[in-house]
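Below is one structure, written out as structure tokens, with a few remarks after it.
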Amino acid sequence: MSKPYSEACDRNRDPILGVIAPLLADRRAVLEIGSGTGQHAVYFAGKMPHLLWYTSDRDENHQGIRLWLEEARLANLRPPISLDVRGSPWPELTVDAVFSANTAHIMHWPEVEALFSGVGELLPEKGLFLLYGPFNYHGCYTSESNEYFDARLKSRDPLGGIRDFEELDRLASRAGLRLRQDFAMPANNRILFWEKCAAHP
């Protein structure tokens, strides 16, 4: 089997790194949800060697991720963890950040709900959740290209599609996460940055 490859990962990795590197500068361990091909994990772990980077995805993607990890041979990368956000137990990890790219629009809505709930339970106080992808605002597309992309997504899976920021932020709030910043990214994408709040007495 040859390594899986995503051109989009190569294209967006440096803009993403430019945003997340300062946010993760004082972090120790990150769980990446939906590692996909494994390209982001290898690149980001290589650029941020102080971080222990845990990869995760559904089992069918593990072989490809392992090929990237085995080639990179980075001491701070961990083999893929089996994680279906709704259908499998979440790993018992000690991490202070979670990163996920281009997952919310592929997941069905109950999975998106499970994603936020699981992240909220996993993160400690002041833990960070960084979510990259395209998002709608007040039910509206931010560009014609995103509208076209959403139509393509829904033609393949009617239960997928670009999610509304306000709905995601509502889920985040329910999970004890507070929005800290919303970063504009190239190609009409964003990085949403939440922080885990202190538990209420």
Side-chain angles (χ1 to χ4, degrees), residues 3-13 15-16 19-20 30-41 44 54-65 68 80-91 98-122 129-175 177 179 182-194:
K3 298 198 313 293
Y5 174 75
S6 165
E7 182 180 346
C9 281
D10 276 357
R11 191 169 58 245
N12 65 34
R13 65 186 189 178
I16 293 175
V19 169
I20 70 172
V30 176
L31 170 64
E32 180 184 10
I33 296 177
S35 296
T37 63
Q39 287 168 253
H40 275 161
F44 297 149
Y54 291 96
T55 59
S56 75
D57 212 309
R58 293 179 174 177
D59 290 347
E60 59 263 30
N61 292 323
H62 284 198
Q63 186 175 359
I65 296 169
W68 278 92
I81 296 165
S82 293
L83 179 57
D84 179 334
V85 293
R86 195 181 180 205
S88 62
W90 280 62
V98 174
F99 170 77
S100 192
N102 291 322
T103 51
H105 56 263
I106 296 172
M107 295 176 177
H108 295 174
W109 186 247
E111 294 170 327
V112 177
E113 292 177 313
L115 169 67
F116 278 86
S117 176
V119 168
E121 291 180 11
L122 180 67
F129 180 30
L130 306 171
L131 183 65
Y132 170 85
F135 305 104
N136 291 338
Y137 291 81
H138 304 291
C140 298
Y141 298 107
T142 60
S143 68
E144 289 185 7
S145 62
N146 277 4
E147 184 174 7
Y148 174 70
F149 178 57
D150 191 49
R152 281 174 45 212
L153 288 169
K154 290 175 177 174
S155 70
R156 294 198 298 263
D157 182 354
L159 297 180
I162 296 177
R163 306 303 178 185
D164 285 347
F165 160 76
E166 291 81 11
E167 288 298 301
L168 297 180
D169 196 42
R170 179 180 58 80
L171 295 180
S173 179
R174 186 188 300 169
L177 303 165
L179 186 75
D182 178 354
F183 297 91
M185 303 296 291
N188 302 300
N189 288 304
R190 317 285 300 190
I191 290 180
L192 304 178
F193 163 35
W194 289 279

(request) Could you tell me the separation between the CZ atom of F44 and the CZ atom of R13, rounded to the nearest 0.5 Å? (result) 9.0 Å
(request) Taking the side chain as every heavy atom from C-beta outward, state whether R152 and Y148 have any pair of such atoms under 4.5 Å apart. (result) yes
(message) Just verifying a value: how many Å separate Y132 OH and I20 CD1, rounded to the nearest 0.5 Å?
(response) 11.0 Å
(request) To the nearest 0.5 Å, tell me how far K154 NZ sits from I162 CD1. (result) 8.0 Å
(request) Describe, in one word, how the ring planes of F193 and F183 are oriented to each other, choosing from parallel (under 30°), tilted (30 to 60°) and perpendicular (over 60°). (result) parallel
(request) Could you grab the distance from atom CG of N102 to atom NE2 of H40, nearest 0.5 Å is fine? (result) 7.5 Å
(request) First locate atom SG of C140, then atom CZ of F165, and finally report the distance between them rounded to the nearest 0.5 Å. (result) 14.5 Å
(request) Taking S35 for its side chain and S56 for its backbone only, find out whether a donor-acceptor pair lies under 3.5 Å. (result) yes
(message) So, using side chain to side chain donor-acceptor pair (under 3.5 Å) as the criterion, who are the partners of N61 when residues are at least two apart?
(response) D57
(request) With rounding to the nearest 0.5 Å, note down the distance linking CG in D169 to CG in D182. (result) 9.5 Å
(message) More than 12 heavy atoms of other residues, nucleotides or ligands under 6.0 Å from CD of E60: yes or no?
(response) yes
(message) Counting C-beta onward and ignoring hydrogens, is there a side-chain heavy-atom pair between V85 and W90 closer than 4.5 Å?
(response) yes
(request) Answer whether the closest heavy-atom distance between the side chains of P91 and L83 falls below 4.5 Å. (result) yes
(message) Under the criterion side chain to side chain contact (heavy atoms under 4.5 Å, CB included), I'd like the reasoning laid out for M185 against I16: C-alpha separation, chi angles, the key distance, then a yes or no.
(response) CA-CA 8 Å; M185 303 296 291; I16 293 175; 4.2 Å; yes
(message) Suppose we screen for side chain to side chain donor-acceptor pair (under 3.5 Å). Which residues come up paired with D84, at least two apart in sequence or across chains?
(response) none
(message) I'd like to know if the side chain of E111 and the backbone of R86 have a donor-acceptor N/O pair within less than 3.5 Å.
(response) no
(message) Check the orientation of F116 and F129. Use parallel for under 30°, tilted for 30 to 60°, and perpendicular for over 60°.
(response) perpendicular
(message) Tell me every residue that passes side chain to side chain donor-acceptor pair (under 3.5 Å) with D164, counting only those two or more places apart in sequence or in another chain.
(response) none
